[in-house]
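Notes to accompany the following structure.
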There are 2 protein chains.
Amino acid sequence: MAKKPVSELKPIEEILSVWDVLTPDERQFVRNNYTVHHYKKNEMIHCEGELPTHMMILASGKVKVYKEGVGSRSQIIRMLKQGEHFGYRAIIANETYNTNVTAFEASTVYMIKADIFISILRHNNAFCYRFLEELATDLADSDARTVNLTQKHIRGRLAEALLLLKKNYGLEEDGATICIYLSREDLANLSNMTTSNAIRTLSNFVNEHVIAMDGRKLKIIDEERLRKISKMG
Amino acid sequence: MAKKPVSELKPIEEILSVWDVLTPDERQFVRNNYTVHHYKKNEMIHCEGELPTHMMILASGKVKVYKEGVGSRSQIIRMLKQGEHFGYRAIIANETYNTNVTAFEASTVYMIKADIFISILRHNNAFCYRFLEELATDLADSDARTVNLTQKHIRGRLAEALLLLKKNYGLEEDGATICIYLSREDLANLSNMTTSNAIRTLSNFVNEHVIAMDGRKLKIIDEERLRKISKMG
DNA sequence: TGACAACAATGTTATAAAGCACAAATTTAG
DNA sequence: CTAAATTTGTGCTTTATAACATTGTTGTCA
């Protein structure tokens, strides 16, 4: 975890999506009290069981949020992109972290001390409401994921994951390639299956001309079909 | 959905757990603007896809919150007891309900109109923060459930469900019988398995002297063992 | 350049859990 | 109080998926 000043990065004012509900004083307070941290690919940002010390904002890069389950199988819960917050749920609930966060690719994180974050939450109602909305949305996502992962069959789960990646990270200029390159293992951990099954099922999708593959590059060929597969389990 | 005045019921002041953070004005406002609704056993209180109109507080009885999944298999997400809130997540996230809520047994619900609820959230920071905490806790529960249900084996999932019921509803005077009587089907929907498997696995637990059964009455005999089963999957 | 490590692909086998069929018991309704 | 409906309990069969084993591919670095 390197800690150094940066230059080419978007300033916190542009990253922190709730900036506009802060008062000038709060804004200055944040500006004076955040730190910048850099993480290498695969470096862990925080870990299940630790006490939360900061709320974090992903300034650049991509990270995965996941839980360790039975026998070192891990389940990816969320994947974040620039501008998204994390690490604050545990602060609010007054618990230790219940997830691990690891950088997928080189990433930069802005951190705001927990007590400062809480203090703004406690004094600025619009700020507080903004996070209330965020958690309300995340909760619905989480419940939906539970049902997807438990009830859908392997093809449905993988199709779901591909659609989620597309929705979250978008497509490249060709209008087909998903803008994130995952290992088969991560793809498996996202869709609750073994790596072998992720590989197998991806190959099947290629044979059926639903997607195309080139290494980690995944192209969605027939989104309609993919959506159908995801629905029917 | 009957709507009538009540007498023997705890008043909203005692049920609404966030009452103490309300200002006298807000308190009066709520007192003047809530309604009371009675539901029979198995009656639906709200339904996936509907627009939320009220935040609700369970004044008496027990209800289940569940999602319909693939092929009419339903997954129970939460089970509520007296004093707990529901139906407000969708209001905050500005979405339709993503769950169904049904009364397990005859239940009474206090309802506060969505706009009134929002207006208090927007003006009373402590009230807003209180719900922020609630959602933060629920989110952790939901994520934990995802991993439990996807990664644990059938015995582990059922053991988990029994422990959850005990934690949530407590035990009767005998110090063993769980204070809620569920059908095998509901038990299955809670632990992501078929009814047959719930029955089978319960019988196994009885044979192993981990629990005892008498119809829907479930006694926990060896909680230590149950906890071990739940851990190991 | 060759050796090694990480990743990808695929066939085989073992097993957990779902599906199904049906009987018995219990609850609900007419 | 009986008939119907629902819930519960079991055995058998089938299926989905994990576990394992093997082999191929790519990239890295000494």
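Order of the sequence lines fixes the chain letters, A, B, ..., with proteins taken first and strands second; residue numbering starts at 1 for each chain.
Across all strands shown, Asp186(A) has no heavy atoms under 4.0 Å from either base or sugar-phosphate atoms.
Side-chain N/O atoms of Thr194(B) include one lying less than 4.0 angstrom from OP1 or OP2 on dA18(C). Between Arg216(B) and the phosphate of dT8(D), there is a side-chain N or O to OP1/OP2 separation shorter than 4.0 Å. Within the structure, every side-chain polar atom (N or O) of Asn197(A) is placed at least 4.0 Å from both OP1 and OP2 of dT17(D).
Using a cutoff of 4.0 Å between basic side-chain nitrogens and carboxylate oxygens, Glu105(B) and Lys40(B) are not scored as salt-bridged.
If you take CG of Asn204(A) and P of dG11(C), they are 10 Å apart, rounded to a whole angstrom. Atom P of nucleotide dT7(D) and atom OH of Tyr181(B) are separated by 18 Å, given to the nearest angstrom. For the pair Gln151(B) CD and dA18(D) P, the computed distance is 10 Å after rounding to whole Å. Distance CD (Glu185(A)) to P (dA9(C)): 14 Å, rounded to an integer number of Å. Residue Arg200(A) contributes atom CZ, which lies 18 Å from atom P of dT15(D) at whole-angstrom precision. Distance Met193(B) CE to dA16(C) P: 14 Å, rounded to the nearest Å. Atom NZ in Lys152(A) sits roughly 17 Å away from atom C1' in dA16(D) (whole-Å rounding). If you take CZ of Arg73(A) and P of dA16(C), they are 14 Å apart, rounded to a whole angstrom.
The C1' atoms of five pairs define one axis at each end of the helix from dT1(C)-dA30(D) to dG30(C)-dC1(D), and these two axes lie 40° apart (to 10°).
Of the listed nucleotides (dA18(C), dA8(C), dA16(C)), dA8(C) has the atom at the smallest distance from the side chain of Ser183(A). Comparing dT10(D), dA16(C), dT12(C) by their closest approach to the side chain of Ile199(B) singles out dT10(D). Which of dT10(C), dA8(C), dA18(C) sits closest to the side chain of Ser196(A) comes down to dT10(C).
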Stepwise side-chain contact (heavy atoms from CB on, under 4.5 Å) check, Tyr110(B) with Met56(B)
CA-CA 6 Å; Tyr110(B) 291 143; Met56(B) 310 179 190; over 6 Å; no

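Pairing each heavy atom of Val101(B) with each of Phe86(B), the nearest pair is CG1-CE1, 3.8 Å.
A donor-acceptor pair shorter than 3.5 Å can be found between the side chains of Thr194(A) and Asn197(A). For the residue pair Tyr88(A)/Glu134(A), the side-chain donor-acceptor check at 3.5 Å is satisfied.
The aromatic ring centres of Phe117(B) and Phe131(B) sit less than 6.0 Å apart.
Side chain of Asn168(B) to main chain of Met79(B): a donor-acceptor pair is present (N/O by atom type, distance under 3.5 Å, no hydrogens or angles).
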